[in-house]
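One structure below.
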Amino acid sequence: RRSIMTDNERILVVDDDPIVIRSCKKILISEGYDIDSAANGQDAINILQTKDYSLVITDLMMPEVDGLALINWIRNSKNQAGIIVITGYPSQETIKDALNLGILDYLPKPFTPQVLLDVTSKAMKMIKAKPVSEQAPEEDIASKTADIQKIIAENRSKPGSLIPVLQQAQEIIGYLPPSIQKHIARGLNIPVSEVHGVVSFYSFFTMKPKGKHSVKVCLGTACYVKRAEEILEKLRETLNIDVGEVTRDKKFSLESVRCLGACGLAPVVVIDQNTHASVDPVKTSALLELYD
């Protein structure tokens, strides 16, 4: 469970569906967040002109002023609020537009309470965090920049080169620290914000080192109703870490994902490349014993 809310954990939820508003309020207030709401983009703008928020959670498809227009206004007004997009009509184009505007995350409807809480918690940590320091010695990263540069040169002229470059860079270093993101941005001649947006959006990219074994718990609807939240909590207790962290011995890292595409096997835990189906929450810790 999260700690008591601090003064700057104030959230504005923007959606023209009152059911979504009520659901988000109920879920987030129960965790101690201070929540206000708006029915469309213009109402949100009016509120944002009089009150400060750490985070804005907004739908995209709304009457009058839609979500993208609201995000544009927030960015142009120099408002410092972080932004999460929720929508029932996701498309590659809208995702690209939103990422280019620097959103923190993207949440397709319908979503479970646990996924909303995890995404919100992750966003709050990003908002509060100081600039991320390098997690590995500078010389270790510097020694691998020649390999990264070779990858950039091989992909620079190809359409959609960013994701393949990021994938190969992560394979070499193990994660994507800020210095590598900047290096890739320069090499591909694109804004650092675009690189950071892609890295923070896709769950298979990480800005932190991972453990020897990567543990992923699916929190999609099918897994959630079959006690995936209990599985995640059991793993937190057993490993003594939270989602996104690595054990002290660097053996395990823990992640939650929105869907692993294996709903018929729910609840699902993936460790490295191995999918464990129909996991019993009571026996969750036994899975870890299979990995040395």
Side-chain angles (χ1 to χ4, degrees), residues 1-2 4-128 193 197 200-201 219-221 224-225 229 256 258-259:
R1 306 293 288 183
R2 62 184 297 279
I4 300 299
M5 184 197 77
T6 58
D7 289 342
N8 64 343
E9 292 189 333
R10 190 171 290 118
I11 302 172
L12 178 63
V13 179
V14 189
D15 200 300
D16 60 333
D17 186 341
I19 296 176
V20 173
I21 292 284
R22 287 197 299 270
S23 296
C24 288
K25 276 190 168 183
K26 182 178 179 181
I27 294 165
L28 295 172
I29 288 174
S30 70
E31 289 294 299
Y33 293 108
D34 184 3
I35 310 297
D36 288 329
S37 63
N40 58 57
Q42 187 57 58
D43 287 348
I45 290 171
N46 294 340
I47 294 171
L48 288 164
Q49 288 175 322
T50 62
K51 195 171 181 179
D52 293 328
Y53 294 87
S54 297
L55 185 64
V56 175
I57 301 177
T58 181
D59 191 12
L60 286 183
M61 303 291 288
M62 295 182 291
E64 300 178 27
V65 178
D66 65 14
L68 286 177
L70 170 60
I71 297 170
N72 266 304
W73 180 88
I74 291 173
R75 292 294 173 247
N76 291 334
S77 67
K78 308 302 181 184
N79 190 295
Q80 297 302 307
I83 300 168
I84 293 174
V85 161
I86 54 175
T87 182
Y89 306 96
S91 69
Q92 288 187 346
E93 196 60 34
T94 55
I95 291 174
K96 180 181 178 181
D97 290 343
L99 285 172
N100 287 340
L101 289 171
I103 66 169
L104 297 177
D105 216 328
Y106 194 97
L107 192 56
K109 300 176 186 175
F111 46 82
T112 65
Q114 188 60 48
V115 168
L116 175 61
L117 290 174
D118 283 351
V119 169
T120 301
S121 176
K122 174 186 171 185
M124 284 296 187
K125 288 178 182 177
M126 292 175 67
I127 291 165
K128 294 177 183 178
S193 60
S200 60
F201 176 72
L219 293 178
T221 303
Y224 182 81
V225 300
E229 186 177 2
S256 62
R258 294 170 208 172
C259 186

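Atoms considered below: every heavy atom in the structure, side chains included; atoms not considered: hydrogens, waters and symmetry mates. Model, not experiment: these values are computed from the prediction.
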| With a 4.5 Å heavy-atom cut-off, do V20 and D59 have their side chains touching? | no
| Judged by atom type as modelled, is there a donor-acceptor pair below 3.5 Å linking the side chain of S121 to the main-chain atoms of D118? | no
| remark: Correct closest heavy-atom pair for Y53 and L12 would be CD2-N, 3.6 Å
| remark: Residue set satisfying side-chain contact (heavy atoms from CB on, under 4.5 Å) with Q49, at least two apart, ordered chain then number -> I45, N46, W73
| message | Would you compute the distance between atom CD1 of I84 and atom OG1 of T120 and round it to the nearest 0.5 angstrom? | response | 4.5 Å
| message | To the closest 0.5 Å, what do you measure between OG (S77) and CG (N72)? | response | 10.5 Å
| task | Could you tell me whether the side chain of L28 reaches within less than 4.5 Å of the side chain of I57, counting heavy atoms only? | result | yes
| said: Restricting to side-chain contact (heavy atoms from CB on, under 4.5 Å), what partner residues turn up for D66, sequence neighbours left out? | reply: L68, A69
| Between V115 and L219, what is the shortest heavy-atom contact and its length? | CG2-O, 3.3 Å
| field | Residue pair G82 / L104: nearest heavy atoms and the distance that separates them | value | CA-CD1, 3.8 Å
| request: Please identify each residue that fulfils side-chain contact (heavy atoms from CB on, under 4.5 Å) with A81, with sequence neighbours left out. | output: V56, N79
| request: Would you mind reporting whether D43 and E64 have side-chain heavy atoms less than 4.5 Å apart? | output: no
| said: Checking V65 against N40 for the side chain to side chain contact (heavy atoms under 4.5 Å, CB included) test, could you report, in this order, the C-alpha distance in whole Å, the side-chain angles of both residues, the deciding distance, and whether it holds? | reply: CA-CA 6 Å; V65 178; N40 58 57; 5.5 Å; no
| said: Testing the basics here: between A38 and A44, what is the closest heavy-atom pair and its distance to 0.1 Å? | reply: CB-N, 3.6 Å
| field | From CG (L116) to NZ (K26), nearest 0.5 Å | value | 13.0 Å
| remark: Applied to residues 14-24, the side chain to side chain donor-acceptor pair (under 3.5 Å) test, sequence neighbours excluded, yields D15-K109
| Distance, nearest 0.5 Å, that separates CG of L70 from CE of M62 | 6.0 Å
| field | Sequence-distant partners of D36, salt bridge (Lys or Arg N to Asp or Glu O under 4.0 Å), two or more places apart | value | K51
| said: Among residues at least two apart in sequence or on other chains, which ones pass side-chain contact (heavy atoms from CB on, under 4.5 Å) with K25? | reply: I21, I29, I35, S37
| With sequence neighbours excluded, residues passing salt bridge (Lys or Arg N to Asp or Glu O under 4.0 Å) with D105 | K122, R258
| Where do T112 and G220 come nearest, in terms of heavy atoms and distance? | CG2-C, 4.3 Å
| Looking at R10 and M124, what are the two nearest heavy atoms and their distance? | N-CE, 4.4 Å
